[in-house]
> 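What follows is a single structure, and I will ask about it in a moment.
Predicted, not measured: the structure shown is a model, and the values here were computed from it.
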Amino acid sequence: MASQYYQEMQESFRNNNKSREFPAHTAKVHSVAWSCDGRRLASGSFDKTASVFVLEKDRLVKENNYRGHSDSVDQLCWHPTNPDLFVTASGDKTIRIWDVRTTKCIATVITKGENINICWSPDGQTIAVGNKDDVVTFIDAKTHRSKAEEQFKFEVNEISWNNDNDSFFLTNGSGCINILSYPELKPIQSINAHPSNCICIKFDPTGKYFATGSADALVSLWDVEELVCVRCFSRLDWPVRTLSFSHDGKMLASASEDHFIDIAEVETGEKLWEVQCDSPTFTVAWHPKRPLLAYACDDKEGKYDNNRESGTVKLFGLPNDS
């Protein structure tokens, strides 16, 4: 028997299953993220820039393009409670903090390697950045100085604090989830989560679960308290690159090189919807207040000719008549 939530969301997506694309960059988009108030969406691209859009009713209106990095912007994230600040991680061995009110870079922090992962602590005080050499640097968000640096002996993929801000999680190349105490950074536990490379990790907004995505094409859902796997989602055929929980924690979007984004009901594992794509998806992000999903794909292989690498950002969940 399908849950009431399932039936409500099916009805909602039947009426709101339109996707629309918005020009954002001159090359492929690696990362999309919403500000905490849901007013803005930021995207980071291979074209070395970040773009910020304002969400107006059913469309994204480009507000600004942020230049300064000398290499690809691989990942970005917003301050957890201040909707005006976001941070970008780049292969140019820096991270940059930007303020949308002044449209300026307020800090450039030089790091040791080519940065690929970045996250902001839930209390807003610290930014963690991971590089290609498996070093994670913890940067004070106010002074912009490094507070700690950890070199890991394994391939570090994605990094995240838990919602309580007292543990730090890493997914690694041998399929494990490593958990460190925070701020002490002492190893607490290593969980064998997947038989192959564990790629991405996300915590749900309610603090009940976290999810990991793996090269074995599985998404696993974990109980935060018990650290046990509650269920697996297995509808994708390719390595899971990106995950996002909806604002209420009840839906989980996952994507890969498959030409669709899977939207699952968290509590049952059932498929709620799938968003059709013409090419592999690099990044997904649910809006923090409504069932709107931002995402970006590798549009070059799809319906565009190869000379026109398209750096678009897409939005799913718009009214069919919009």
> Below 6.0 angstrom between ring centroids: does that apply to Tyr66 and Phe86?
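Yes, they do, as the ring centres are separated by less than 6.0 Å.
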
> Looking at Lys62, I'd like to know if its NZ atom is crowded, meaning that more than 12 non-hydrogen atoms belonging to other residues, nucleotides or ligands lie closer than 6.0 Å.
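Above 12, so yes.
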
> Going through the checks in order, is the salt bridge (charged side-chain N to carboxylate O under 4.0 Å, His left out) test met by Glu257 and Arg241?
CA-CA 8 Å; Glu257 288 179 52; Arg241 287 184 182 171; 3.5 Å; yes

> Which value, rounded to the nearest 0.5 Å, describes the distance between Ser121 atom OG and Phe168 atom CZ?
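So the OG of Ser121 and the CZ of Phe168 are separated by 9.5 Å.
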
> Where the side chain of Asp204 meets the backbone of Tyr209, is there a donor-acceptor pair that is under 3.5 Å apart?
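Here the side-chain-to-backbone pair exists.
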
> In sequence, state the C-alpha distance, the side-chain angles, and the governing distance for Arg67 and Thr49, and then conclude on side-chain contact (heavy atoms from CB on, under 4.5 Å).
CA-CA 5 Å; Arg67 297 168 187 278; Thr49 72; 3.9 Å; yes

> Give the C-alpha distance, both sets of side-chain angles, the deciding distance and a yes or no for side-chain contact (heavy atoms from CB on, under 4.5 Å) between Trp238 and Leu236.
CA-CA 6 Å; Trp238 291 85; Leu236 297 169; 6.0 Å; no

> Among Asp166, Thr126, Asn162, exactly one meets side-chain contact (heavy atoms from CB on, under 4.5 Å) together with Tyr182. Which residue is that?
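The passing option is Thr126.
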
> Would you say the side chains of Ser167 and Trp161 form a donor-acceptor pair under 3.5 Å?
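Side-chain D/A pair, Ser167 to Trp161: absent.
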
> Kindly say whether Pro280 contributes a backbone atom to a donor-acceptor pair with the side chain of Asp258 at under 3.5 angstrom?
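No, Asp258 side chain to Pro280 backbone: no donor-acceptor pair under 3.5 Å.
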
> Look only at the side chain of Ser174 and the backbone of Cys176, and say whether a donor-acceptor pair between them is shorter than 3.5 Å.
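No, the answer is negative, given that no donor and acceptor are paired below the 3.5 Å cut-off.
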
> Report the C-alpha distance between Val240 and Leu218 in whole Å, list the side-chain angles of each, state the deciding distance to 0.1 Å, and finish with yes or no for side-chain contact (heavy atoms from CB on, under 4.5 Å).
CA-CA 7 Å; Val240 182; Leu218 290 177; 6.0 Å; no

> Does a donor on one side chain and an acceptor on the other come within less than 3.5 Å for His194 and Thr212?
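Thr212 and His194 do have a side-chain donor-acceptor pair below 3.5 Å.
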
> Run the salt-bridge test on Lys271 and Glu265 with the 4.0 Å N-O cut-off and return the result as yes or no.
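So Lys271 does not pair with Glu265 through a salt bridge.
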
> Looking at Ile95 and Ile127, what are the two nearest heavy atoms and their distance?
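The answer is CD1-CG2, 4.0 Å.
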
> Would you indicate whether the side-chain heavy atoms of Leu85 and Ile106 approach each other to under 4.5 Å?
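Yes; the side chains approach each other to less than 4.5 Å.
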
> Could you verify whether a donor N or O on one side chain and an acceptor N or O on the other, from Gln276 and Glu274, lie under 3.5 Å apart?
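Glu274 and Gln276 do have a side-chain donor-acceptor pair below 3.5 Å.
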
> Are Lys208 and Glu267 ion-paired here, with the side-chain N under 4.0 Å from a carboxylate O?
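Salt bridge: yes.
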
> Taking 4.0 angstrom as the limit, do Asp140 and Arg145 come out as a salt bridge?
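Salt bridge between Asp140 and Arg145, a charged N being under 4.0 Å from a carboxylate O: no.
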
> Determine the interplanar angle of the Phe203 and Phe210 rings, folded into 0 to 90°, and report it as parallel if under 30°, tilted if 30 to 60°, perpendicular if over 60°.
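Ring orientation of Phe203 relative to Phe210: tilted.
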
> Could you check whether Thr111 and Thr137, counting side-chain N and O atoms only, form a donor-acceptor pair closer than 3.5 Å?
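Checked: Thr137/Thr111 side chains show no N/O donor-acceptor pair below 3.5 Å.
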
> When you measure from the side chain of Asp92 to the backbone of Ser70, do you find a donor-acceptor pair of N or O atoms at a distance under 3.5 Å?
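Confirmed, Asp92 side chain pairs with Ser70 backbone.
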
> Roughly how far apart are Arg290 CZ and Ser12 OG, rounded to 0.5 Å?
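If we round to the nearest 0.5 Å, Arg290:CZ and Ser12:OG are 10.5 Å apart.
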
> Would you sort out whether Ile179 and Ile191 count as a side-chain contact (heavy atoms from CB on, under 4.5 Å), showing the intermediate values?
CA-CA 8 Å; Ile179 308 170; Ile191 305 171; 3.9 Å; yes

> Would you check if the side chain of Arg39 reaches a backbone N or O of Pro83 as a donor-acceptor pair within less than 3.5 Å?
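Pair absent, no side-chain N/O of Arg39 close to backbone of Pro83.
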
> Without swapping roles, check the side chain of Gln75 against the backbone of Ile118 for a donor-acceptor pair under 3.5 Å.
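Judged by distance alone, yes, a pair lies under 3.5 Å.
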
> Between Arg59 and Phe53, is any pair of side-chain heavy atoms under 4.5 Å apart?
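Arg59 does not reach Phe53 side chain to side chain.
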
> Side-chain contact test, heavy atoms from C-beta onward, threshold under 4.5 Å: evaluate it for Glu8 versus Glu11 and give yes or no.
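No. Closest side-chain heavy atoms not under 4.5 Å.
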
> Is the backbone of Glu270 close enough, under 3.5 Å, to the side chain of Thr268 for a donor and an acceptor to pair up by distance?
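At least one qualifying donor-acceptor pair exists.
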
> What pair of heavy atoms forms the shortest contact from Ser220 to Cys232, and how long is it?
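Nearest pair, atom of Ser220 first, then Cys232: CB-SG, 3.9 Å.
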
> If every non-hydrogen atom of Gly91 is compared with every non-hydrogen atom of Glu114, which pair is closest and at what distance?
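Minimum heavy-atom separation between Gly91 and Glu114: O-CG, 3.3 Å.
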
> So does Gln4 have more than 12 non-hydrogen atoms from other groups sitting under 6.0 Å from CD?
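Result for CD/Gln4: open.
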
> For Tyr6, which fellow cluster members are found when Ile, Leu, Val, Met, Phe, Trp and Tyr are connected by side-chain heavy-atom distances below 4.5 angstrom, either directly or through intermediates?
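Cluster partners of Tyr6: Tyr5, Met9, Phe13, Met251, Ile261, Ile263, Leu272, Trp273, Val275, Val284, Trp286, Leu293, Tyr295, Phe316.
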
> Looking only at heavy atoms, which two atoms of Val54 and Glu63 are closest? And how far apart?
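It is CG2-OE2, 3.5 Å.
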
> For Lys147, look at atom NZ and say whether over 12 heavy atoms of other residues, nucleotides or ligands are found less than 6.0 Å away.
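Counting other residues, nucleotides and ligands, NZ of Lys147 exceeds 12 neighbours.
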
> Which heavy atom of Cys105 sits nearest to which heavy atom of Arg96, and what is that distance?
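Of all heavy-atom pairs spanning Cys105 and Arg96, the closest is SG-NH1, 3.6 Å.
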
> Looking only at atom types and distance, does a side-chain atom of Thr171 sit under 3.5 Å from a main-chain N or O of Glu158, one as donor and one as acceptor?
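The answer is yes, because a donor-acceptor pair under 3.5 Å joins these two groups.
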
> Could you tell me whether Lys104 atom NZ has more than 12 heavy atoms of other residues or ligands within 6.0 Å of it?
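Not more than 12 within 6.0 Å, no.
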
> Donor-acceptor pair, distance only, cut-off 3.5 Å: does the side chain of Ser45 make one with the backbone of Ala27?
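Present.
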
> Does one side chain, of His259 or Ser279, offer a donor that lies under 3.5 Å from an acceptor on the other?
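Looking only at side-chain atoms, Ser279 and His259 do not form any donor-acceptor pair under 3.5 Å.
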
> Give the C-alpha distance, both sets of side-chain angles, the deciding distance and a yes or no for salt bridge (charged side-chain N to carboxylate O under 4.0 Å, His left out) between Asp99 and Arg101.
CA-CA 5 Å; Asp99 189 326; Arg101 291 163 300 191; 2.7 Å; yes

> Is any side-chain heavy atom of Ile177 less than 4.5 Å from a side-chain heavy atom of Phe169?
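Yes; the side chains approach each other to less than 4.5 Å.
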
> Is it true that the side chains of Ser43 and His25 contain a donor and an acceptor less than 3.5 Å apart?
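Per modelled atom types, Ser43 and His25 side chains form a pair under 3.5 Å.
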
> With distance as the sole test, does Ser90 use its side chain to make a donor-acceptor pair with the main-chain N or O of Asp71 at under 3.5 Å?
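Pair found, side chain donor or acceptor close to backbone of Asp71.
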
> Below 4.5 Å, heavy atoms only, C-beta onward: do Leu292 and Leu318 meet side chain to side chain?
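Yes, side chains in contact.
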
> Less than 3.5 Å apart, any donor N or O on the side chain of Asn172 or Asn178 sitting next to an acceptor on the other?
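There is such a pair between these side chains.
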
> I'd like to know if Lys112 and Glu149 make a salt bridge, using a cut-off of under 4.0 Å between side-chain N and carboxylate O.
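Salt bridge flag = yes for Glu149 with Lys112.
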
